[in-house]
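Here the structure is laid out as structure tokens; the discussion comes afterwards.
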Amino acid sequence: MHIYDSVKKTKLPFEPIVPHKASIYVCGPTVYDDAHLGHARSSLSFDLLARTLKALGYEVTMGKNFTDIDDKIIKKVQATGESLEQITTHYINSYKEDMRVLGVGDADIEPKATDSLEAIESMIKGLIDKDIAYVVSSGDVYFDTSKDSNYGTISHQVGEDEDNQSRVEHNSQKRNPKDFALWKACASKDDICFEMSFSNGRPGWHIECSAMIEKHFKGNDKFSIDIHGGGADLLFPHHENEASQSRCATGHELSKYWMHNGFVNINGEKMSKSLGNSFFVKDALKVYDGEILRNYLISVHYRNDFNFNEEDLLNSKKRLDRLYRLKKRVIPTKASKPNIAFQKDVSKAMKDDLNISVALARVEQMISQTNDRLDENPKDKGLKKETLANIEFIDKLLGIGGQEPFSYFQIGIDKQTKTKIEALIEARDSAKKEKDYRKSDTIRDELSSMGIAIMDTANGTVWEKI
RNA sequence: GGAGCCAUCGCCAAGUUGGUAAGGCCGUAGAUUGCAAAUCUGCUAUUCAUCAGUUCGAGUCUGAUUGGCUCCUCCA
């Protein structure tokens, strides 16, 4: 397995801390709103990573946190009158449900900031004791970046000159402009605070992840975890700060490898809350099936930016349709063993920093070849069994192709419509038998206007929702 | 102002260590079909934004130019 390390900026062989085991920690969402396509993409990227590692025989431990204390959540609390817990529970469940529909299961470890306050406190305390962190008069606790000579080695973004045109607000209480808050003291009585030895307040964003990693992962004397992941925007300052805190607190590096996924753009524009063009997973799922969305979102390499648009989505759906049409041809049968060459090729592609394009190209080659062989010999039972095994292999590795193929093509059709469609097909068949092609074509047109495509096969007429 | 990324067929998109351009969609010709659809087969970039350099050889390395984009502020 090779992965691209976005800190070293090169592809590296994956050599985990403990042989055959992989510990991954991904920055999860701040739960004050529904998940958008960007969350989905990040989640999907690391889901593919975990699936690939598992397929290669690694025992994977996936951690993904929920930031459930944050200014925006508090704002929502104040705006809605609901409790912090009500709000965060709601959005955590909403996130999990969306991801489940996209084929991403729960992480093995799902820490919440509110469950990690002790770990946060002890890490901050330790840093204060070493004078790497300091408390200012307001009660805020800052991290002294000048104490870490390696500060900047993660993002390579910290220049020599401190006095650049950075948009970072200059706080006179800070020792250095780049220092960041580990702990924010309560500003008012309405604030949501936790009592700590240094002040009443709440944790800063960066410390949460560091503390949660230390709490849940063992690591060794050099690294806490194997892979730390997240969106490309988190590289700086979030991951830089995380790495620095952990380095100073633990005396070793936080993560052996760093992976960052690219953005989802909508019509070429960055999707962000401030631009107001967020595309929520829930909204997308109203229109498209979860697997179709998944198939689309994983079709572009995880490091590239992803430009979401409907035309490409439909294109990618057509590719998935081909897989399911093949599945229709081989079902019902019992899967045997997947074709070794095929399995090897697909795995090889995924082993190369999750090269999904090459993997999917190989899948399509398999589809074409199998269709060809099935055209020649429609009753090749061995081939059918192997093909089904191939599809099951793909489903396990990529999370696509796992549905029952007939229902895949009939998603969103209710029973009543289904009965009607089947009646029309029956009527058309009898018209065809009587060679009344005008009538049969009229029926086909009627079905077509209902959004139903039909195809005459050796085993009778089948239909699909377009 | 600082840091960095990207530019491959009409569209989407691969292309570690330089060796002579995957795959899909669309289009097109054919097989098949009552006609379609589905399926299969053939065709579809002497060329990788531009210019220069290194090299026997560059989409792949170096430099410059042009055009997109991101981060430096909460952000997946």
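These figures come from a predicted structure and were not determined experimentally. Below, each value reflects all heavy atoms present in this structure, side chains not excepted, and no hydrogens, waters or symmetry copies. Numbers restart at 1 for each chain; the letters A, B, ... are given by sequence-line order, proteins then strands.
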Whichever of A:N309 and A:N371 has the more 5' nearest nucleotide on RNA chain B, that residue is A:N309

Assign each of A:G38 and A:Y437 to its nearest nucleotide of RNA chain B by heavy atoms, then name whichever residue's nucleotide is nearer the 5' end. A:Y437

Between the side chains of [X] and [Y], is a donor N or O closer than 3.5 angstrom to an acceptor N or O?
X      : Y      : value
A:R303 : A:N261 : no
A:Y95  : A:D34  : no
A:R329 : A:T387 : no
A:N459 : A:T457 : no
A:N315 : A:Y296 : no
A:T61  : A:D108 : no
A:K256 : A:S224 : no
A:S94  : A:K282 : yes
A:D226 : A:S255 : no
A:E291 : A:Q403 : yes

Could you tell me the Watson-Crick or G-U partner of [N], where both distances fall under 3.5 Å? Say none if there is no partner.
N     : answer
B:C51 : B:G63
B:A45 : none
B:G4  : B:C69

Pick base, sugar-phosphate or nothing for [X], based on heavy-atom distances below 4.0 Å to the nucleic acid.
X      : value
A:D233 : base
A:G229 : nothing
A:R444 : base
A:K432 : base

A:H260 (side chain) and B:A76 (base): donor-acceptor pair under 3.5 Å: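 Flag unset: no donor-acceptor pair detected.
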
Is any side-chain N or O of A:R325 under 3.5 Å from a base N or O of B:A38, one able to act as donor and the other as acceptor? no

Can you tell me, in whole Å, how much space there is between the [atom1] of [N] and that of [M]?
N     : M     : atom1 : result
B:A37 : B:A31 : C1'   : 15 Å
B:G19 : B:C5  : C1'   : 28 Å
B:G15 : B:C6  : C1'   : 16 Å
B:A13 : B:U8  : P     : 9 Å
B:A22 : B:U62 : P     : 25 Å

Dump the pairs, protein N or O against N or O of nucleotides 26-31 of chain B, anything under 3.5 Å, distances to one decimal.
from  : atom 1 : to     : atom 2 : distance (Å)
B:C26 : OP1    : A:K318 : NZ     : 3.3

Contacts to RNA chain B from residues 447-463 of chain A, heavy-atom cutoff under 4.0 Å, which residues?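 Residues of residues 447-463 of chain A that come under 4.0 Å of RNA chain B are, in numerical order, A:I454, A:M455, A:D456.
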
Do A:N93 and A:E97 come close enough that some side-chain heavy atom pair is under 4.5 Å? no

Within the structure provided, determine whether A:I227 and A:W258 are in side-chain contact (heavy-atom separation under 4.5 Å).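 No, side chains not in contact.
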
Give me, pair by pair, the N or O atoms of the protein and of nucleotides 41-43 of chain B that are less than 3.5 Å apart, along with how far apart they are.
none

OP1 or OP2 of B:G34 versus the side-chain N and O atoms of A:R428: is any pair under 4.0 Å? no

Is the phosphate of B:C25, meaning OP1 or OP2, less than 4.0 Å from a side-chain N or O of A:R319?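 No.
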
Quick check on the 6.0 Å ring-centre criterion: do [X] and [Y] meet it?
X      : Y      : result
A:H239 : A:H206 : no
A:F280 : A:H36  : no
A:F308 : A:F279 : yes
A:F306 : A:F263 : no

What does the list of N/O pairs under 3.5 Å between the protein and nucleotides 17-19 of chain B look like, with a distance for each?
none

Can you list the residues that meet the salt bridge (Lys or Arg N to Asp or Glu O under 4.0 Å) rule with A:D345, with sequence neighbours excluded? A:R362

Could you go over nucleotides 13-15 of chain B and give all protein N or O partners under 3.5 Å, atom names and distances?
from  : atom 1 : to     : atom 2 : distance (Å)
B:A13 : O2'    : A:S357 : OG     : 3.1
B:A14 : OP1    : A:N304 : OD1    : 2.7
B:A14 : O5'    : A:S357 : OG     : 3.2
B:A14 : O3'    : A:N355 : ND2    : 3.2
B:G15 : OP1    : A:N355 : ND2    : 3.2

